[in-house]
Amino acid sequence: MSRDFFRRENFLLARSQPDRNGPNRQATGTQSTLQDSQDGCCMEATTTFARGSGSCPILPGAAGLTGVGRGGCSFEPEPDRGGRSGSPAPMLWRLGSGSGALGGSGALATTRRQGPVAAHGRLDRRCRGLLRRAATRAEMMDLEQPRRPVRVRIAPSPTGDPHVGTAYIALFNYVFARKCGGQFILRIEDTDQARSTRQSEEAILRALRWLGLSWDEGPDVGGPHAPYRQSERSAIYQEHAALLVERGRAYLCFCSPERLEASRRERMARGDSHLGYDRTCRGLPRDEAKRRAAAGEPHVVRLAVPESGTTAFVDGLRGRIAVDNATIDDQVLLKSDGLPTYHLANVVDDHLMGISHVVRAEEWIISTPKHLLLYEAFGWEPPAFYHMPLLRNADRSKISKRKNPVSLDYYRDTGIFPEALLNFLALMGFSFGGGREKFSLSEMIEAFDWSRVGTGGPVFDLRKLSWLNGLYLREMSHEELLQRLRAWRLGDEYLRRVLPLLRERIERLDQFIPMAAYFFAGDLEQLDPAQLVPRGRDAAQTAQVLEELVEHLEVEVRGAWSREALEPACRTFCERIGWKTKELFSAVRVALTGRTAAPPLFDTMEVVGKDLCRRRLRLAAQLLSASRSV
RNA sequence: GGCCCCAUAGUCUAGCGGUUAGGACGUUGGCCUCUCACGCCGAAAACGCGGGUUCAAAUCCCGCUGGGGUCACCA
């Protein structure tokens, strides 16, 4: 722990904590500041204290004790400087250590309990950690001090279905912005030309709107920093990349992907732990590089990361995080197609758009130093960073579509209310306080504080979500519930899609509901494993085929989930695995409808929808894997 | 493997030096009730391990273990 760590003018230690500390400590209105004194090894704690309470919040029980610490530790209360009765009077406590070790302070950690802590002296060691914690906390709180208007953003990449993780991060950004009276911005990070689609972008916007998270600026609503779609801002990134090259903070790299891959492989074989770019082009003379680029040689722009030193930042949830520059790769900033990578685009846009706080997922922690290096290279002040814990599968890996429904559309289609989903997402890492589990978005905004946000990766538990949803459902009026049902799948729109598929299969109206069950159900109950497995195939085989089909459709049906797209994809799949169409289609039919007799498969799939189909296919596969017979 | 993050019941969490370790989902027993559900009451179930600091550690420090993330011309 270096002294530099404490080199700050003021650490705001505690904010008002109305009488949380018990009768002996009228901490109401307490404000403590910790600062290191000139010699760097003496800490002073100034506390403004309710008059007459007589106890140091840093070292409870220390009142009246002076000079009892061993090893040069001492602390002394300064005489009461007076003040009107009942009003806070400042009291200065000096905690010093002559040994060079940092004098200690229990800081917030010890304010709660009373005890003769100080009487035993030996503050140096035990206090160092406490002090660090206090300082860390102070730095974290300092992050929250308004320096500039609060502006946060959610920056989804439109490369797939609207993801529950996007909603999770969007929620915390939204809540924080509203709490601070700041702005919430939506920016589309579509710099991956190969994977980004407009369709996905629209789906994400639709899903976020469904949730009720509204943004102040975005590609659809515009704003002072338009455009909000990175693909429309290429020139900006190119200019900025060029600026860095000019300054010697970035350089052109002509290495082919093939050579890079070979080099990486070779080092991996050698057991080398450094698998990053080998910096071949870093030493290229600037004019030579320019010449080659001008001649049309394909190249990228890389960040010239300092070869020594460390880059550190204060994460708003975890405190100080430091990384050796030697472990940071010379990250590509501009791809050979002229588009930026996330790292460049994100930093440039965050700065240009005046983003004050970056609230994003934990997976970005390790690239934050790169971003900091970029801010530094540009000469910009970086925003504050808050890395939210990652949502997890039941096995604690990062939440993924293989192991969990992650599409927001799935939750909509299974009749989860947006407010319940939001509430549940909030529960993943945020504690309302008082054991309260059910709360509205506006209540969350009211209660929000970063100190109530945790750091452990929460497992996403569908059952608890369902329970919570039930709470919302039962609180609704009949009328409200009726409206919700209609808006879900009992409205004309959906029924009009179902009817054509069933009318030939029923004779009386009373047969409609029983026949149509799987058009409205979420997870199918009572699937018969025996019916799932085609004659001559076994359960394990079928399970695998169904899993693979999901993957296959993932790749093959990128556009609309339509009969036209599904049929050829499924037929191709049959050829690939060597199953007769009859075999596959019957297994799929049972998996999706629970029956052997049903309307045409692809029409059914289209109407049931992508996310529910996916889910049912996986569930069927799981069922087969679990059942050893058949 | 290198680096980084994290660690209270099966799961989500409260806890910020002294608590019978609290709440919720799930599981489970009972009550309510024609049944089921809802609701209500009860039960089982947790501080990963080892050191250190302290009169006192779930809480502070160190180490270990475990889990996760990340090492792309993806974000």
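When reading the values below, keep in mind they use all heavy atoms of this one structure, side chains included, and skip hydrogens, waters and symmetry mates. All chains are named by letter (A, B, ...) in the order of the sequence lines, taking the proteins before the strands, and each is independently numbered beginning at 1.
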Set of residues satisfying ring pair (Phe, Tyr, Trp, His ring centres under 6.0 Å) with respect to [X], sequence neighbours excluded:
X        : value
A/Tyr277 : none
A/Phe424 : A/Phe460
A/Phe448 : A/Phe430, A/Trp450
A/Tyr472 : none

Residues A/Asp461, A/Lys464: salt bridge by 4.0 Å N-O rule: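 Not counted as a salt bridge, because no side-chain N and carboxylate O are separated by less than 4.0 Å.
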Polar contact flag, side-chain donor to acceptor under 3.5 angstrom, A/Ser477-A/Glu480: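 No, no side-chain donor-acceptor pair sits under 3.5 Å.
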Those residues that, when tested against A/Ala250, pass side-chain contact (heavy atoms from CB on, under 4.5 Å) (two or more places apart):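 Here the qualifying residues are A/Leu244, A/Val245, A/Val301, A/Leu333.
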Who pairs with A/Pro298 by side-chain contact (heavy atoms from CB on, under 4.5 Å), at least two apart in sequence or on another chain?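 Not a single residue meets the side-chain contact (heavy atoms from CB on, under 4.5 Å) criterion with A/Pro298.
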Short of 4.0 Å, heavy atom to strand atom, which residues of [range] count as contacting RNA chain B?
range                       : result
residues 329-340 of chain A : A/Val332, A/Lys335, A/Ser336, A/Pro340
residues 302-310 of chain A : A/Arg302
residues 345-352 of chain A : none

Pairs in or reaching into residues 335-347 of chain A: which pass salt bridge (Lys or Arg N to Asp or Glu O under 4.0 Å), with residues at least two apart or in two chains? none
Would you give a per-nucleotide map of nucleotides 38-44 of chain B, 5' to 3', where B means the base has a protein non-hydrogen atom under 4.0 Å away, S means only the sugar-phosphate does, and - means neither? SS-----
Can you name the atoms? Protein N/O to nucleotides 8-12 of chain B N/O, anything below 3.5 Å, with the distance.
{"residue": "B/U11", "atom": "OP1", "partner": "A/Arg396", "partner atom": "NH2", "Å": "2.9"}
{"residue": "B/C12", "atom": "OP1", "partner": "A/Arg396", "partner atom": "NH1", "Å": "3.4"}
{"residue": "B/C12", "atom": "OP1", "partner": "A/Val459", "partner atom": "N", "Å": "2.8"}
{"residue": "B/C12", "atom": "OP2", "partner": "A/Arg396", "partner atom": "NH2", "Å": "3.3"}
{"residue": "B/C12", "atom": "O2'", "partner": "A/Leu427", "partner atom": "O", "Å": "3.1"}
{"residue": "B/C12", "atom": "O2", "partner": "A/Lys464", "partner atom": "NZ", "Å": "3.4"}

